[in-house]
Amino acid sequence: MAVALQARKPPMGGIGKRVAYYPGCSLEGAARAYDVSTRIVAKELGLELDYLEDYNCCGAMETKNVTFWGTMLLNARNMSLAKKQGHNVIVAPCNGCSFSLQRAEYFLETDKKVFERINSLLKEGGVDPLTEIPHTYHILEWFYHEAGPEKVKERTRKPLKGLKVANYYGCLYTRPHFYARTYSHTGTEEQERPRMRETADDDEHPYYMEALLEAAGATSVEFEPMHTQCCGGPHSLSDEQVSEKFVMMILQTAKRNGADIIATECPLCHASLEMYRHRLMMKGVPDVDVPAAYFTQLLGIAFGYSAGDVKLKDNLSDPIPVLKRLGLV
Amino acid sequence: MAIHERSLVDPERILRKERLVIDGIDVSGDWNLIILPRVIEDYDLSFLDEVLEQPEGKTILQCYQCSYCTASCPVHNYWDERYNPRHFIHLARLGLIDELQKRADVMWRCVSCHKCTHRCPKGVLVEEVLKAILRVMAKRGIIEEYPSKKFDKFFLESVYEYGRIEDGELLFGWIEKQGYQVVKDPVLKKPIPFMGGVPEWLKQLAIKPIKNMNIGFLILNAKHMLFHPRTKNWNRFKQVLRKVMEEEGVFAH
Ligand code: SF4
Ligand code: SF4
Ligand code: SF4
Ligand code: SF4
C-alpha cells in the first residue's frame, strides 16, 4: 500500500535554493522536453539551477560493468566541477545520472583507498582533486523539499482536473538505499540505515511525484508495484525480449487501473516506455496505449504554460489528445 | 516431497517412477521421488579470490543465502526462473565453475534494477557482486561475449571518445551492429534514419517529429548527429581514463 496522506513528510528545506544542475546527455538531445520543462518548473517554484559547465557523461549503468575505476573517474570529475562552481549539492533529473553520482559518492565516502586513488588520478587529468564530496539529489527530492506541494498549489493556474496519472518512478530513484539513501517513512520496513538521508523518498512506496502532481490538481491511480518496476533500462536495446515484457506489464497495469497518462521522471525510463509502447501497439498487444509525459511537463501545463512551451510534441507517445480531451491544452 | 527451487536440480538426477508399490502399498505420486546425491570434486577457490579482488565484489562473503534477492528479482520472477542471483553467489563462493558456465546463457540478463541490492538484509551489493562474477567469468573465458556487454562497450567507446553520448548515434549505431543496413550520407558518414533496412518500428518512430512538423526537435537532433556533443578539455582527462582502463584490462578482452 502506498504511504498514507498523514504519514507523508512535510517539505524540510535544507538542500538549498540554488544548486548545480547536471542535466545529463539525454536532456540536451532527445529528452530536451524534460530539460525545458524542468527549467520552467524551477523558475516558477522560485528555485535556481546553475548549469554544470563542461560536464561529462556519468557512464549510466553501462560503463560501470566494464570499468570500475573509469566510471568512478567520470563521476568524480563532475563532482569536482560542481565544487569549482561553488556548489555542495548536485541535482540531476535522470535516474541514471543520480544513480551514478550517488554510487560514486558511496564508494568515495566508504572506501578511503578509492578516495585517495581517485584524487591523485583527477590531479593527473588536470582536474581539481576533491576535498569534500558534494551530494547528489534527484530533482524530485529537491522540488519536494525546497518548494513542496503547497508552493505548487499556489502556482497552479490551470489545475489538472480529471487527469488520472500513473506515477512511474523507475528503479533507481529509490534503489538501492546504499546509494539513494532512501528509507521507509512509515517504519514498516528496516529503518536503521547508516547512510539514510532524512529528505530522501520512501524506498518501496515513493510518493514525492504524486504529491506534487496531486497538488497541481491531478488524481493518482493505484500503480503499485509497477511504479518501481524496471523497464529493462540498460538492456532496453540489448535485450529486447525482456524489456518488451517489462514495459508491457507497466503499461497494462497503468491502463487497467484507469490511468490517462504515465508521469515519468527519468529520460531513460521515458524513452524506453515510449519506444516499446510503439512496438507493442504495432504488434496489436491490448491495453498498452497510455501515453507518457515528464512530470515537469504536466506541472508546466498546470502552471499555465502551453503544450508548445513544455514541448509536448517531442513525446513520441503523443499525450496531446488525452490532455486536449480534458481541456488542458 | 516438494523440491525447493527444482530448476537447480539436474533433471537426470531426479528419479521417479510412474507407479510404485512397496509392501502392497501404493506410494505413487510425490512420495516415490528420489534425487541422486552427487559428490563435488571440481571446485576452484581461486575464483572467489578473484571476485574479492574487484572493488564491487567485496561484499560477497556477507551473503547468508536467504534468497531475498532472488525473490525480488524481476528477471527471475517474470522472465526465467533459472536466473537466480542467490544461487550464482553460492556457486561463485564454492568455486563451481562448470555450474556457473552452464548458466552463462542467462547470467547476463540482469537489468541492473537493484531490487536485490536494496533488499538484501546482509548488506551485500548483490547487483555489483553479480557483475564482478561476470567479469571474472569473462576473464577466464567461460562466458561468451553477450549482448549487453557488447552494448556496454559500445556505450563506453562513445563516452571515452567524446566525453558525452548522443542518443541518435547510439541508437542507430547499435542497430547497425545488429546487422541492419543503415544508410549513411556519403560525406559525413552519418546515418539517415528513414532509409535503408532499419526495423519498421524505428522508421515509424523516427518519422514522427517530421509528421508533427516539430522543427526545433529535428534541428537539434540533426545537429547533434552531425557534430557529436563533446566535453571540452577532454584530451588530458582521456589519457588518465585510458591508463586506468588499461590496468583493468578493458582493452584486452
Ligand atoms: S545517465 Fe544517461 S543521460 Fe545521464 S549522463 Fe549518464 S548517459 Fe548521460
Ligand atoms: S526504470 Fe529503467 S530506465 Fe528507469 S531507472 Fe529503472 S532501469 Fe533505468
Ligand atoms: S538477499 Fe543478500 S544475503 Fe540473502 S541470498 Fe541474496 S545476497 Fe545473500
Ligand atoms: S539488479 Fe539484476 S539481479 Fe538484482 S534484482 Fe535486478 S535484475 Fe535481478
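Naming convention: chains lettered A, B, ... in sequence-line order (proteins, then strands); numbering from 1 in each chain.
Heavy-atom pairs under 4.5 Å with chain A peak, among B:Arg109, B:Lys58, B:Lys131, at B:Arg109. Ranking A:Phe107, A:Trp69, A:Tyr179 against chain B, the residue ahead of the rest is A:Trp69, based on heavy-atom pairs under 4.5 Å. Taking chain A as the reference chain and counting heavy-atom pairs below 4.5 Å, the highest number among B:Tyr146, B:Phe217, B:Phe151 is found for B:Phe217. Options B:Gly168, B:Cys116, B:Gly216, B:Pro229 differ in how many heavy-atom pairs under 4.5 Å they form with chain A, and the most are formed by B:Gly216. Per-residue counts of heavy-atom pairs under 4.5 Å with chain B were compared for A:Val114, A:Thr182, A:Leu121, A:Leu237; the largest is that of A:Leu237.
Using a 4.5 Å cut-off between heavy atoms, B:Leu202 makes no contact with chain A at all. Looking at A:Asp111, the atoms closer than 4.5 Å to chain B (heavy atoms on both sides) all sit in the side chain, from C-beta outward. Neither the backbone nor the side chain of A:Met281 has a heavy atom closer than 4.5 Å to any heavy atom of chain B. Of the atoms belonging to B:Gln178, not a single heavy atom falls under 4.5 Å from chain A. For a residue to count as touching a neighbouring chain, one of its non-hydrogen atoms must lie under 4.5 Å from one of that chain's; by this rule A:Thr174 touches chain B with the backbone only. Only the side chain of A:Tyr106 comes within contact range of chain B, with heavy atoms under 4.5 Å apart. Contact annotation for A:Phe68: both backbone and side-chain heavy atoms come within less than 4.5 Å of a heavy atom of chain B. Both the backbone and the side chain of B:Trp108 come within less than 4.5 Å of a heavy atom of chain A. Interface remark: A:Val127 contributes side-chain atoms only to the contact with chain B (heavy atom separation under 4.5 Å). In this structure, chain A has heavy atoms under 4.5 Å from both the backbone and the side chain of B:Lys232. In this structure, the portion of B:Glu247 lying under 4.5 Å from any heavy atom of chain A is its side chain and not its backbone.
Side-chain contact between A:Phe99 and A:Arg175 is absent, with no heavy-atom pair separated by less than 4.5 Å.
Under the rule for a salt bridge (Lys or Arg N to Asp or Glu O under 4.0 Å), A:Asp128 has no partner lying at least two apart in sequence or in another chain. By the side chain to side chain contact (heavy atoms under 4.5 Å, CB included) test, A:Glu109 pairs with A:Glu105, A:Ile133, A:His135, A:Arg181, A:Arg195, sequence neighbours left out. In this view, A:Thr63 and A:Thr71 satisfy the side chain to side chain donor-acceptor pair (under 3.5 Å) rule, not counting sequence neighbours.
The number of heavy atoms from other shown groups lying within 6.0 Å of CD (B:Gln181) does not exceed 12.
Annotation: residues 219-228 of chain B contacts chain A through B:Leu220, B:Asn221, B:His224 [non-hydrogen atoms, separation under 4.5 Å].
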